[in-house]
Amino acid sequence: MAKKIVIKIFILIIVCLILGAGNFFITVSAGSTSGFQNSSIISKGVMLQAYPAKTISTAALNEGDTVYFINPADLWVNEVNVLPKNAYFRGYIEMLKMPIKGTNAAMIIKITEVILPDGTINRINGTVVQNGKTQLGGDLTPPASYNKTVHPREGMYWKRAGVLQYVPSGDYEMGIHLTLPTSDMVFIMLDEDYDSLPNSIEKIELYQ
């Protein structure tokens with residue numbers, strides 16, 4: 001009798017272990033699927049390399065004009081190609097300032113779409129960044145001229161002798177236009193998560 005009870009308890013333990021293992025595998029499987037789905041997302045703040053598809057210049061563009069950039073290499077997350085090589089980033093000139101005396105031209109470029117090699121267009125929200133800045137250009141120009149100024153020096157050895165120095169006159173050189181040639185690498189900073197799974201707008205011809 002005792003032997004039968006022991007056998008029943010043993011069988012019950014085996015059944016519990018099998019059920020527990022089944023639940024464990026179900027949980028792992030669900031987690032793996034979820035991870036695969038998440039692997040299609042490029043997180044906000046990631047910097048994506050890109051090159052201008054055509055030369056971009058403040059001398060030839062206006063605010064609102066469309067611009068294109070090329071993705072130079074496949075971007076993989078785990079085993080998912082979330083951003084294929086030769087995909088196009090399409091955006092527009094959000095802000096453009098012409099060169100003036102003392103300041104070079106500047107612009108801000110927003111990216112709104114990714115055009116995949118098969119023509120599918122996905123939504124994306126990003127900003128073009130160069131040298132760590134979202135405003136491209138806008139640097140101050142050098143002084144156009146200098147004035148000579150005598151600065152006195154004090155001390156037991158100088159006896160208030162003056163030293164001649166050159167200081168900016170307050171007149172600055174004329175600014176120059178900003179140009180991004182096709183050889184210049186820039187970064188596109190994602191302002192929102194980008195999901196590479198189908199979220200297409202439509203398929204159209206490039207540069208329409």
Side-chain angles (χ1 to χ4, degrees), residues 38-77 80-117 121-146 166-196 199 201 206-208:
N38 291 338
S39 69
S40 68
I41 295 176
I42 307 176
S43 300
K44 174 183 177 181
V46 169
M47 298 284 191
L48 306 175
Q49 292 184 355
Y51 289 86
K54 294 181 179 179
T55 298
I56 298 172
S57 176
T58 55
L61 295 170
N62 297 303
E63 288 186 357
D65 285 353
T66 301
V67 290
Y68 292 86
F69 295 84
I70 300 175
N71 176 43
D74 291 325
L75 179 60
W76 295 83
V77 176
V80 180
N81 187 359
V82 294
L83 195 60
K85 179 180 179 180
N86 294 328
Y88 282 81
F89 299 101
R90 180 159 61 187
Y92 66 96
I93 308 297
E94 183 181 57
M95 182 276 288
L96 187 146
K97 293 182 179 179
M98 300 300 285
I100 59 174
K101 203 165 188 179
T103 308
N104 294 322
M107 59 182 167
I108 295 175
I109 302 176
K110 296 291 293 183
I111 302 298
T112 58
E113 297 162 350
V114 176
I115 304 176
L116 303 179
I121 303 176
N122 286 347
R123 294 180 179 85
I124 192 171
N125 184 358
T127 306
V128 174
V129 174
Q130 191 176 47
N131 299 323
K133 299 178 180 178
T134 55
Q135 176 178 291
L136 313 181
D139 302 321
L140 298 178
T141 62
S145 61
Y146 293 84
Y166 288 89
V167 296
S169 65
D171 188 23
Y172 290 85
E173 294 182 2
M174 182 65 188
I176 59 175
H177 280 285
L178 172 64
T179 300
L180 295 178
T182 55
S183 59
D184 271 13
M185 184 184 73
V186 299
F187 289 93
I188 297 172
M189 180 179 68
L190 294 182
D191 297 323
E192 295 179 357
D193 290 350
Y194 168 69
D195 192 346
S196 64
N199 58 39
I201 302 169
L206 297 183
Y207 301 107
Q208 181 172 335

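No experiment lies behind these values; they were computed from the predicted model shown.
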Inset, instruction - Please test L180 against M107 for side-chain contact (heavy atoms from CB on, under 4.5 Å), starting from the C-alpha separation and ending with a verdict. - result: CA-CA 11 Å; L180 295 178; M107 59 182 167; 4.3 Å; yes
Inset, instruction - For the pair N104 (side chain) and I176 (backbone), establish whether a donor and an acceptor sit closer than 3.5 Å, ignoring hydrogens and angles. - result: yes
Inset, instruction - Return yes if some donor-acceptor pair links the side-chain N/O of S40 with the main-chain N/O of S196 below 3.5 Å, else return no. - result: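 Pair absent, no side-chain N/O of S40 close to backbone of S196.
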Side chain proximity check, [X] to [Y], heavy atoms < 4.5 angstrom:
X: T66; Y: R90; answer: yes
X: T103; Y: L140; answer: yes
X: T55; Y: T179; answer: yes

Rounded to the nearest 0.5 Å, what separation is found between the [atom1] atom of [X] and the [atom2] atom of [Y]?
X: I111; Y: Y92; atom1: CD1; atom2: OH; result: 10.0 Å
X: K44; Y: E192; atom1: NZ; atom2: CD; result: 7.5 Å
X: L116; Y: N122; atom1: CG; atom2: CG; result: 5.0 Å
X: L75; Y: I42; atom1: CG; atom2: CD1; result: 5.0 Å
X: I109; Y: F69; atom1: CD1; atom2: CZ; result: 4.0 Å
X: L83; Y: N71; atom1: CG; atom2: CG; result: 4.0 Å

For [X] and [Y], which heavy atoms make the closest approach, and how far apart are they?
X: V129; Y: L136; value: C-CD2, 4.3 Å
X: T58; Y: H177; value: OG1-ND1, 2.9 Å
X: V82; Y: Y194; value: O-CE2, 3.9 Å
X: A87; Y: V114; value: CB-CG1, 4.1 Å
X: Q135; Y: M95; value: OE1-CE, 3.6 Å
X: I124; Y: E113; value: CG2-N, 3.3 Å

Would you please name every residue forming a side-chain contact (heavy atoms from CB on, under 4.5 Å) with [X], sequence neighbours left out?
X: T127; result: I108, K110, T134, D191
X: D74; result: W76, N81, P84, K85
X: A60; result: none

Inset, instruction - Check side-chain hydrogen bond (donor to acceptor under 3.5 Å, both in side chains) between Q49 and all other residues, then give those that pass, not counting sequence neighbours. - result: none
Legend entry - Partners passing side-chain hydrogen bond (donor to acceptor under 3.5 Å, both in side chains) against N86 (at least two apart in sequence or in another chain): none
Inset, instruction - Quick one: do F89 and L48 satisfy side-chain contact (heavy atoms from CB on, under 4.5 Å)? Show the steps, please. - result: CA-CA 10 Å; F89 299 101; L48 306 175; 4.1 Å; yes
For residues 181-189, dump all side-chain donor-acceptor pairs below 3.5 Å to protein atoms at least two apart in sequence or in another chain.
none

